[in-house]
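Notes to accompany the following structure.
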Amino acid sequence: MQPYQNQSIHIYNSLTGKKEVFKPIEEGYIGMYVCGPTVYSNVHLGNVRTFMSFDMIYRYFKHLGYKVRYVRNITDAGHLENDADVGEDKITKKARLEQIEPMEVVQRYTVDFHNILNTLNFLPPSIEPTATGHIIEQIELIKTIIDNGFAYVVNGSVYFDVHKFNEANEYGKLSKRKLEDLIHNTRALDGQSDKKNPQDFALWKRAEPQHIMRWPSPWSDGFPGWHLECTAMSTKYLGDNFDIHGGGMDLKFPHHECEIAQSEAAKGISPVNYWMHANMLQLNGQRMSKTTGNTVNPHELLSGNNTFFSKAYSPSVIRFFNAMSSYRSILDLTDDGLLASEKGFNRLMEAINTLETITAGTTSTFNVSEWKQKCYDAMNDDFNSPILIAHLFEAAKVVNQIKDDKASLTSEDLELLKQTMNAFTFDVLGLVNVAQADTSSEKLSGAVELLIQLRQEARANKDFALSDKIRDELAAKGIQLKDGKDGTTFSTN
RNA sequence: GGCGUCUUGGCCGAGUGGCUAGGCAAAGGUCUGCAAAACCUUGUACAGCGGUUCGAAUCCGCUAGACGCCUCCA
């Protein structure tokens, strides 16, 4: 019996606009695809937020005992910048600027991407396929779409015929757009396009001579369209119809809309049962933007080397901050918000450390099993991590009350509380107990313990000048002494 | 301009047609040689104006504002 058999998850499905009961295609197994980064520069912090939310979702599924195949791609072939593009994609443009090979750019930023995610305690996906590794699959997919009459070839490029597709299908059902509206509201293009209609999108693009990344195909030496790679890779590893497809809200249109169209045109079935979209990350109430300079990258956030925040924030604090709001809400990154999260996070960690030191009583004044189910209910309700955290704080309060002899738990309940706290805090939310790791350094704690003892003696002799000196000098070094009932402890910050 | 989302206490941030999270900050208290830290306690908010309802912050309409996509930036 797996834990998921006792839980009923509801997921907000972007396709229907409703929370729906989650039922995997195959019981006990989940196929989940999330659009990964384009590795032509440092990964965008907003992108990291999306991946962080899906990391938490992945962790929760695993916690429930599901076998999850989580596929997150690497877009290393670049994608077209716009319709008027003469065949140069983002990756080659960057490479030329830096005078290096495109695959060198890809390699550098892929490594960088992984470093950041490791630092932030992400679980690696089950498969991390690259676009360049699936050119053949993409070519095959294009052939099928052409054979089915939904794409046409012009000058060595292949375009998806949106109008033809829309005759018997519904283009726009995910983003709630109507083709007629798109037609009326599409800006006049510069007329250089080979496309029959502005709404059509490229499946294959002929490479211009200066384009370095290119592959042979039946139509031309060229490269695949951006929307195609996700369709090719998701269906290859998860099947023509799979459970969950996620990504950032900005990908809903046109990217995900085009994925649906490609799949339906090629296979005749809708590819995804549950579409999930993480909302955007803002910086001080404004959209992050390179052009206006209102942007901070993950390295700068973690190092504190930026002009937006008063200090560096630890990976767990960043994760905690993210989990304090819903993945479907716009999240505004601010110094005040991060500071508040840091304090809250530290308080939670203190309570979890205290939990290891308290002892069981003969009765329970707190219903642990009921509380435990509330934690699950929170996550079952479209992964409502803010509610989960509220429950964790409720438990933290109980722990502190037990420490003050104002509450008690039987040993069974205490054990259950420990297990549940740890499971949700560390396994599901992916937090790391930094404070504990810091103070476990033996040399440091040995030295500080000695100072604590000397200060204790000074205090006993009422030599407060010395005792305060020890306290203040340590504080200046970032070591805080905490006088409690049962002696003095310390923490580093 | 089109389509869509949102507007909650000092700040952040969940949620629900009546039982009104949580965090941060604040105030009071406990502890302490004094502090700090920690802990305890307190705090009735839902943009504005109408409407539906026994009852709305929660449903409907209008207004104002913010944001997103449509157009390179995730």
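Chain A is the first sequence line, chain B the second, and so forth, proteins listed ahead of strands; every chain is numbered from 1.
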Inset, instruction - Report the residues that fulfil ring pair (Phe, Tyr, Trp, His ring centres under 6.0 Å) with A/Tyr70, sequence neighbours left out, ordered by chain and then residue number. - result: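 If we apply the ring pair (Phe, Tyr, Trp, His ring centres under 6.0 Å) test to A/Tyr70, skipping adjacent residues, the hits are A/Tyr58.
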Is there a donor on the side chain of [X] or the base of [N] sitting less than 3.5 Å from an acceptor on the other?
X        : N     : result
A/Asp483 : B/A38 : no
A/Asp468 : B/G33 : yes
A/Ser175 : B/C69 : no
A/Arg471 : B/A35 : yes

Ion pair [X]/[Y], N-O distance below 4.0 Å:
X        : Y        : value
A/Glu473 : A/Arg471 : no
A/Arg72  : A/Asp55  : no
A/Glu257 : A/Arg177 : no

NZ or CZ of A/Arg328 within 45° of A/Phe383 ring axis and under 6.0 Å: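 No cation-pi geometry.
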Taking atom [atom1] in both [N] and [M], compute the distance separating them and give it to the nearest angstrom.
N     : M     : atom1 : answer
B/U52 : B/G10 : C1'   : 35 Å
B/A37 : B/U20 : P     : 32 Å
B/U71 : B/G1  : C1'   : 14 Å
B/C46 : B/G15 : C1'   : 11 Å
B/A14 : B/U8  : C1'   : 10 Å
B/G65 : B/C31 : C1'   : 48 Å
B/U42 : B/A21 : P     : 12 Å
B/C60 : B/U44 : P     : 29 Å

So does [X] get a side-chain nitrogen or oxygen closer than 4.0 Å to the phosphate oxygens (OP1/OP2) of [N]?
X        : N     : value
A/Asn279 : B/G68 : no
A/Tyr40  : B/A74 : yes
A/Arg287 : B/C69 : yes
A/Asn47  : B/A74 : no
A/Arg347 : B/A37 : no
A/Lys343 : B/C12 : no

Indicate, with a heavy-atom threshold strictly under 4.0 Å, whether [X] touches base, sugar-phosphate, or nothing.
X        : result
A/Gly46  : base
A/Leu45  : nothing
A/Gln282 : sugar-phosphate
A/Ile330 : sugar-phosphate
A/Ser341 : nothing
A/Leu481 : base
A/Lys397 : sugar-phosphate
A/Met280 : base
A/Gln286 : sugar-phosphate
A/Phe464 : base
A/Ser325 : sugar-phosphate

Next on the checklist: Which is more 5' along RNA chain B, the nucleotide nearest A/Lys252 or the one nearest A/Asn400? Just name the residue.
Outcome noted: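 Nearer the 5' end of the strand: A/Lys252.
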Assuming nearest nucleotide by heavy-atom distance, tell me which of A/Arg459 and A/Gly344 is located more 5' along RNA chain B.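 Between the two, 5'-proximity favours A/Gly344.
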When both hydrogen-bonding distances must be under 3.5 Å and the geometry is Watson-Crick or G-U wobble, what is [N] paired with, if anything?
N     : value
B/A21 : none
B/U44 : none
B/A57 : none
B/C3  : B/G68
B/C34 : none

Whole-Å gap separating [atom2] ([N]) and [atom1] ([X]):
X        : N     : atom1 : atom2 : value
A/Ile389 : B/C24 : CD1   : P     : 12 Å
A/Lys406 : B/A38 : NZ    : P     : 16 Å
A/His277 : B/C69 : NE2   : P     : 13 Å
A/Lys462 : B/C34 : NZ    : P     : 10 Å
A/Arg328 : B/C6  : CZ    : P     : 9 Å
A/His256 : B/G4  : NE2   : P     : 21 Å
A/Arg177 : B/U5  : CZ    : P     : 12 Å

For the residue pair A/Ser14 and A/Leu174, establish whether any side-chain heavy-atom pair is separated by less than 4.5 Å.
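Side-chain contact under 4.5 Å: yes.
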| field | Heavy-atom side-chain proximity of A/Tyr109 to A/Thr38 below 4.5 angstrom | value |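 With C-beta onward as the side chain, the pair stays apart.
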Legend entry - Criterion salt bridge (Lys or Arg N to Asp or Glu O under 4.0 Å) against A/Glu350, the qualifying member of A/Lys343, A/Lys482, A/Lys397: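 Between A/Glu350 and the candidates, salt bridge (Lys or Arg N to Asp or Glu O under 4.0 Å) is satisfied uniquely by A/Lys482.
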Legend entry - Least distance between heavy atoms, A/Gly248 atom then A/Thr50 atom: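 Where A/Gly248 meets A/Thr50 most closely, the heavy atoms are N-CG2, 3.7 Å.
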